[in-house]
Every structure is written in C-alpha cells, then in structure tokens.
K.L.:
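Below is one structure. I have some questions about it.
To find a chain, count down the sequence lines: A is the first, B the second, and so on, and within it residues start at 1.
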Amino acid sequence: MPWFRRSKVNISPDTQKRELPDGLWEKCPSCGEIIHKKQLELNLWTCLKCDYHWRIGSKEYISFLLDKNSFKEMDRKMRSADPLEFRDTKKYSDRIAEAIKKLDLYDAVRTGTGKIEGRDVALGCMDFEFIGGSMGSVVGEKLARLIDKAYKDKLPTIIISRSGGARMMEGAYSLMQLAKVSARLTKLAEAGIPYISVLTDPTTGGTTASYAMLGDIHIAEPKALIGFAGPRVIKQTIGKDLPEGFQKSEFLLEKGFIDFISHRKDLRTNIIRVLDLLI
Amino acid sequence: MAKTILDFEKPIFELEQKLEEMRKFSDRLDIEKDMVRLEEKVRQLKEEVYKGLTRWQRVQLARHPERPYTLDYIYAMTESFVELHGDRLFRDDKAIVGGLAQLGNHKVVIMGQQKGRDTKSNLYRNFGMMNPEGYRKALRLMKLAEKFNKPVITMLDTPGAFPGIEAEERGQAEAIARNLFEMARLKVPIIVVIIGEGASGGALGIGVGDRILMLENCWYSVISPESCSSILWRSWDYKEQAAEALKLTAPDLLEQGIIDRIIPEPLGGAHKDHKQMADTLKTALIEELDALIKIKPEKLVTARIEKFGKMGVFVE
C-alpha cells in the first residue's frame with residue numbers, strides 16, 4: 001500500500017480562514033476555489049467550479065426567488081419571550097439579544113407574501129445563523145400565521161428550511177411547535193392549496209419531523225444534510241462509521257423522500273414550473 | 001424482582017429496614033412505643049421526600065425499572081384486548097404495542113410505546129425506541145379507529161425515536177411528521193397519556209390529541225436532560241441543571257398549558273402500586289371519554305388544531 005495516498009480527493013480546507021483580508025474574495029469550503037464576492041452573488045452563492053452551495057439566509061433567497069420588491073414581510077419583530085427563563089452556560093435572553101443585534105433578524109424564520117413570476121405566494125424562509133435556525137415559539141407562530149394567511153387568500157405556500165431542529169431553550173414549547181405547524185398545514189391540504197417544501201443544508205431534527213417533510217412537493221438543494229437524528233448521534237448509538245453520502249439530498253432522493261434536487265440557480269424556474277402545472 | 005432504590009430514597013429504605021427488624025423482635029421485647037414512633041418518622045420522611053422532589057428526581061422516577069409500562073396498563077385497565085401487529089408496509093415494530101380493547105363501556109383503539117423489563121426484553125422492544133414502521137403502525141391503527149368510529153388512546157413512554165441508519169433510510173422524520181399531520185385531523189377523539197418518558201419528537205409522534213394527560217412523575221420535553229447537558233454544557237455532568245432549566249415535569253407542563261391534567265401517582269411513584277395506578281388512570285380515561293364522545297367530529301378537529309395553535313409564548 002502506498003504510504004502517501006490521500007484518503008480523500010481534497011484535504012478539507014480551514015473554514016476559519018475563509019474570509020480573505022480585503023473581504024472581497026471568498027474561498028469555496030469544498031474545492032478551495034477563490035471567487036470574487038460579486039461573482040459569487042451573481043452565481044447565487046454557489047461555487048463556479050464545484051457547485052458547492054453556501055449556506056445563505058432569507059434575505060438572499062427572497063432576492064432571487066421573488067419578483068423584485070414584491071415581498072411584504074409579516075410579523076417581522078416578533079421575538080422570543082424566554083418563557084422558561086432558560087439558562088445554561090449563558091442566559092437564553094442574552095443569546096437572543098446578541099443574535100438580534102448581530103444579525104438584524106428577530107428570530108430564525110422570515111415570513112411574508114410576494115410574487116413569483118407575477119403569481120402571489122406565501123413564503124417562509126429560515127435563517128440558520130439565528131441560533132442554528134432552531135424552531136421555538138416564534139418560528140412556530142410565524143409559520144402558523146403564514147399558513148393562515150395562505151389559507152385565507154388561497155396562496156401557494158413555499159417554506160425553505162435550514163434548521164438544526166427544535167430550540168432546546170424553550171423546552172416543551174419548542175416541541176409543540178412541530179404539532180402546531182403540522183396541524184395548521186392540514187388546512188392547506190383540505191383546501192387544495194399547494195405547499196412546496198424546500199430543504200437546504202442542513203435540515204434536521206424537529207424541522208424535518210414536521211413541516212419540512214409535509215410538502216406536496218419536496219425540493220432539495222444538492223448535497224444538503226437532511227435527516228431526523230444528527231450524524232453524530234447516530235454514530236454514537238450504533239458505534240459504526242456512517243456510509244458515504246448518508247443523509248445527503250441524493251441519498252434521500254434515492255430512498256424516496258425527495259421529489260427532485262434543484263441547483264439553486266434553477267430553484268425559481270422549478271418552483272414556477274411546479275406551480276404552473278399544479279394550479 | 002430485585003428492588004431498585006433510588007439514591008434519594010435510601011434514608012426511607014434504611015428506616016423501613018430498621019422497622020422490619022424491630023418487628024421481628026417485637027413479641028420478645030417491649031418496643032411497641034419505639035415502633036410507633038419510628039413508623040411515624042418513616043411516614044413523615046416519605047411525605048417530605050416525595051413532596052419535595054426535584055425535577056431530576058422525577059426524571060429518575062419516570063425511568064424507574066419497576067414502573068408500569070403500556071402493556072401493564074392495558075391488561076390492568078381493559079377487557080378483551082386484541083393486540084394488532086404491523087404497519088402493512090414493512091414489519092411489526094415491537095417498540096410500540098396496540099390494538100382493540102374494551103375500557104369500561106367504551107370500545108377503543110389503544111396503543112403505546114413499550115419498554116422491556118430486562119436485557120432480553122429490552123432488546124426485543126428496542127428500549128421503547130420506535131422506528132419509522134412503528135409510527136406507521138400507530139397511524140394504521142388510528143385510521144382503523146377512524147373508520148370504525150372508535151376513540152384512540154395513546155400512551156407515551158420512550159427515550160426517543162431510534163437514531164439508526166435504517167431508521168433514517170426509511171424516513172424517521174417523514175413518519176413522525178405524517179403522524180402529527182394525520183393525528184391533527186383524525187375524526188375521532190384522541191386521548192394522550194404520558195406514562196413515563198416523553199422524549200421529544202419520538203414521543204410527540206403519537207402525542208397529538210384532544211386531551212393530554214400526564215402521570216405525576218413523568219417528564220416530557222424537547223430533549224432529555226442528558227443530551228441537553230451534553231450539547232449546551234458540552235458535558236454529561238449537568239443533567240440535574242438541564243432538568244431544572246427545561247422545566248419538564250407534569251406541574252411545569254400544566255402551568256405552560258401543554259398538558260390538561262395531572263394523574264396522581266401512589267406515594268413514592270407509580271411502581272409502588274401498579275393496581276392503584278391503573279385504577280386511577282382508568283377512572284380518568286373513562287371520564288375524559290364520556291365527555292369527548294359527545295363532541296361532533298368537525299368540532300373536535302377544529303378544537304384540536306386550535307389547541308396546539310395556542311401553544312407557545314412570544315413578544316410582538
């Protein structure tokens with residue numbers, strides 16, 4: 001056996017050093033390609049060389065999915081009330097306050113209505129940067145209201161998930177958001193209003209085990225981690241290494257839980273096509 | 001069965017042992033007075049310990065190995081129970097049991113997660129951790145109940161949905177999500193009882209209903225105290241603090257509006273008297289059923305969706 005054979009094609013680059021000094025360039029965490037920020041934005045934050053999809057937020061999705069200036073945000077300032085007065089190594093209320101200050105977001109989902117190729121839709125999009133895109137009372141309530149609005153105005157609904165799951169710091173309240181949003185989705189189903197779930201990297205835990213897996217159509221971005229239990233927990237439980245590509249979009253497509261995988265650059269077109277054919 | 005004594009029960013156990021020894025000599029020695037005094041002391045100590053349980057101590061009681069499990073309740077509470085197996089898709093998940101049963105005057109479909117008593121039965125039951133086929137088995141039984149207009153009773157007692165490769169391959173998340181969705185709109189009454197551990201999505205996957213009951217010494221939350229400790233404190237040693245922070249006991253959840261009713265347990269926990277516990281639960285279930293079967297299906301479903309819709313606290 002050769003001594004110096006690499007086990008993988010690339011040695012994974014140091015993500016910490018991704019930010020290059022002048023702030024105008026980004027390094028692809030997957031292939032190491034250096035890309036100018038402007039170019040990256042034009043390419044919808046996907047790598048020009050290897051198609052790696054950066055983890056982007058609601059602002060970015062709205063910018064390329066919806067018709068220009070059509071988005072009307074709902075409940076923008078709804079924020080967590082810290083109902084359990086939760087404290088671990090840090091107070092939850094401090095975590096919230098810091099995230100709000102840093103990110104100019106009030107919680108892990110942005111909701112509202114907008115137009116896509118002239119058609120009115122309801123859109124919910126999660127922000128992973130806000131405490132791991134975790135779902136607590138605010139995410140649950142905002143999505144529930146979005147669905148109510150969609151039901152009332154008969155709007156096709158799109159929810160883009162990027163979330164670690166339910167938020168620990170709100171205990172059972174967080175858990176109940178799974179039931180709350182899932183229950184509300186039954187109304188769309190009964191009214192025959194389409195609901196498209198877009199799963200992006202990562203979508204795990206309670207988010208997958210509720211609205212992300214309840215779409216009429218499931219679209220995933222390439223190579224996204226999608227699952228119920230996190231890979232680390234599974235590895236610990238079974239004491240074995242996980243197979244290559246396990247819990248990735250391509251794996252879920254193969255197992256029958258995703259309708260199709262869409263490159264981010266085709267997402268808008270694909271949603272338009274699906275809606276055109278469904279309605 | 002060997003008796004399991006939890007650490008906080010040790011002082012009680014020691015006094016009880018002393019009392020037992022004294023009884024042996026009581027016909028030879030004049031210790032009547034001492035015995036009465038000691039008995040009183042034991043009674044007082046018990047009340048003190050069990051009334052002032054910390055959240056972590058309740059978690060320990062919820063996991064007590066002698067605690068009654070789903071099948072114990074089913075056999076104690078119902079007549080002519082017919083167990084039904086399988087999801088009609090893949091296989092029979094032994095971590096959940098269910099079937100048709102007569103409960104008082106009610107014909108019901110009853111089910112719940114089932115733990116084992118020893119290593120062998122625990123392996124057979126997968127420690128009460130369901131796979132996707134378990135959630136689909138539960139859903140099949142619920143659909144059966146709906147078809148024949150029978151109320152559903154589910155009993156929650158699980159350390160979580162099983163985190164394994166095959167579980168993910170067969171869609172653990174989809175199976176749970178589907179149940180939340182279908183349970184929300186099921187056209188027959190659903191009563192949920194937390195009888196032991198209610199760990200996260202794995203428990204909630206059979207936990208959407210019109211009335212949520214919880215036995216006094218159970219826990220129900222988004223994560224177990226141990227896992228919470230390992231993630232937020234990055235160590236397994238903060239489970240007591242995590243249990244406190246999560247506010248996961250029956251009194252906590254009643255206050256949060258997440259459960260509707262606490263079912264009292266015998267002093268010291270459900271395991272101290274299986275029969276008394278089953279009788280108390282049966283009485284409560286019949287009361288709830290009597291009320292629920294009077295409600296029209298459409299109203300029931302609307303109220304159920306609203307009930308979960310109200311859960312959560314936020315600032316606008």
K.L.:
Any idea which heavy atoms bring B:Pro163 and A:Ile238 closest together, and the distance?
P.N.:
O-CG2, 4.4 Å

K.L.:
For A:Thr237, which atoms come within 4.5 Å of any heavy atom of chain B: side chain, backbone, both, or neither?
P.N.:
side chain

K.L.:
Enter the distance from B:Glu174:CD to A:Ile258:CD1 here, rounded to the nearest 0.5 Å.
P.N.:
10.5 Å

K.L.:
Taking the side chain as every heavy atom from C-beta outward, state whether B:Val222 and A:Glu170 have any atom pair closer than 4.5 Å.
P.N.:
no

K.L.:
Check this for me: B:Glu240, atom CD, are more than 12 non-hydrogen atoms of other residues, nucleotides or ligands nearer than 6.0 Å?
P.N.:
yes

K.L.:
Mind checking the CG-SG spacing from A:Asp88 to B:Cys228? Nearest 0.5 Å is all I need.
P.N.:
7.0 Å

K.L.:
Is A:Lys59 atom NZ crowded by more than 12 heavy atoms from other residues, nucleotides or ligands, each under 6.0 Å away?
P.N.:
no

K.L.:
To the nearest 0.5 Å, how far apart are CZ in A:Arg79 and CD in B:Glu316?
P.N.:
12.5 Å

K.L.:
For atom CD of A:Glu85, decide whether the heavy atoms of other residues, nucleotides or ligands shown that lie under 6.0 angstrom number more than 12.
P.N.:
no

K.L.:
Find the one option among A:Ala183, A:Ala144, A:Ala166, A:Gly165 whose heavy-atom pairs under 4.5 Å with chain B are most numerous.
P.N.:
A:Ala183

K.L.:
Could you tell me which portion of B:Ile258 (side chain, backbone, both or neither) has an atom closer than 4.5 angstrom to a non-hydrogen atom of chain A?
P.N.:
side chain

K.L.:
Would you be so kind as to tabulate the donor-acceptor pairs closer than 3.5 Å made by side chains of residues 184-195 of chain B, with sequence neighbours excluded?
P.N.:
residue: B:Arg185; atom: NE; partner: B:Glu182; partner atom: OE1; Å: 3.2
residue: B:Arg185; atom: NH1; partner: A:Glu190; partner atom: OE2; Å: 2.8
residue: B:Arg185; atom: NH2; partner: B:Glu182; partner atom: OE2; Å: 3.2

K.L.:
Return the CD to OG distance between A:Gln236 and B:Ser230, rounded to the nearest 0.5 Å.
P.N.:
7.0 Å

K.L.:
With only heavy atoms counted, which part of A:Arg87 is less than 4.5 Å from chain B, the side chain, the backbone, both or neither?
P.N.:
backbone

K.L.:
Using non-hydrogen atoms only, which part of A:Asp75 is less than 4.5 Å away from chain B: side chain, backbone, both, or neither?
P.N.:
side chain

K.L.:
Answer yes or no: does atom CZ of A:Arg76 have more than 12 heavy-atom neighbours from other residues, nucleotides or ligands under 6.0 Å?
P.N.:
yes

K.L.:
Check whether any side-chain heavy atom of B:Ser221 lies under 4.5 Å from a side-chain heavy atom of A:Leu175, and answer yes or no.
P.N.:
no

K.L.:
For the backbone of B:Glu169 and the side chain of A:Lys255, can you confirm whether one donor and one acceptor N or O come within less than 3.5 Å of each other?
P.N.:
no

K.L.:
Would you please go through residues 225-232 of chain A and name the residues with a non-hydrogen atom below 4.5 Å from one of chain B, in numerical order?
P.N.:
A:Gly227, A:Phe228, A:Ala229

K.L.:
Less than 4.5 Å to any heavy atom of chain A: does that hold for the side chain of B:Leu246, its backbone, both, or neither?
P.N.:
both

K.L.:
How many angstroms lie between NZ in B:Lys307 and CE in A:Met176, if you round to the nearest 0.5 Å?
P.N.:
9.5 Å

K.L.:
With salt bridge (Lys or Arg N to Asp or Glu O under 4.0 Å) as the test, would you mind laying out the steps for A:Lys235 and B:Glu168 before giving the verdict?
P.N.:
CA-CA 12 Å; A:Lys235 212 172 142 178; B:Glu168 294 288 321; over 6 Å; no

K.L.:
Is A:Ala179 in contact with chain B via its backbone, its side chain, both, or neither, using a 4.5 Å heavy-atom distance?
P.N.:
both

K.L.:
Do A:Thr89 and B:Arg234 have side chains that approach each other closer than 4.5 Å (heavy atoms only, starting at C-beta)?
P.N.:
no

K.L.:
Is B:Tyr238 close to chain A through its backbone or its side chain, or both, or neither, when contacts mean heavy atoms under 4.5 Å?
P.N.:
neither

K.L.:
Under 4.5 Å, counting heavy-atom pairs only, tell me which of A:Arg167, A:Lys187, A:Arg184 racks up the most with chain B.
P.N.:
A:Arg184

K.L.:
Given the options B:Val208, B:Leu248, B:Ile231, which has more heavy-atom pairs under 4.5 Å with chain A than any of the others?
P.N.:
B:Ile231

K.L.:
Does A:Phe86 reach the side chain of B:Leu232, with side-chain heavy atoms less than 4.5 Å apart?
P.N.:
yes

K.L.:
Which bit of B:Gln256 is near chain A, if near means a heavy-atom gap under 4.5 Å: side chain, backbone, both or neither?
P.N.:
both

K.L.:
Give, as side chain, backbone, both or neither, the part of A:Phe251 having an atom under 4.5 angstrom from any heavy atom of chain B.
P.N.:
side chain

K.L.:
Looking at every non-hydrogen atom in both residues, tell me the closest pair between B:Leu180 and A:Ala209 and how far apart they are.
P.N.:
CD1-O, 3.5 Å

K.L.:
Between chain A and each of B:Ser200, B:Ser227, B:Ala203, B:Gly201, count heavy-atom pairs under 4.5 Å; write down the option with the most.
P.N.:
B:Ser200

K.L.:
Has the side chain of A:Ser182 got a donor or acceptor atom that lies under 3.5 Å from a matching backbone atom of B:Phe181?
P.N.:
no

K.L.:
For the residue pair B:Ala177 and A:Met213, what are the closest heavy atoms and their distance?
P.N.:
CB-CB, 4.0 Å

K.L.:
Any idea which of A:Val233, A:Val138, A:Leu185, A:Asp107 has the most non-hydrogen atom pairs under 4.5 angstrom with chain B?
P.N.:
A:Leu185

K.L.:
Which atom names give the shortest non-hydrogen contact between A:Pro243 and B:Ile165, and what distance separates them?
P.N.:
CD-CD1, 3.6 Å

K.L.:
Side chain of A:Lys180, backbone of B:Phe308: donor and acceptor closer than 3.5 Å?
P.N.:
no

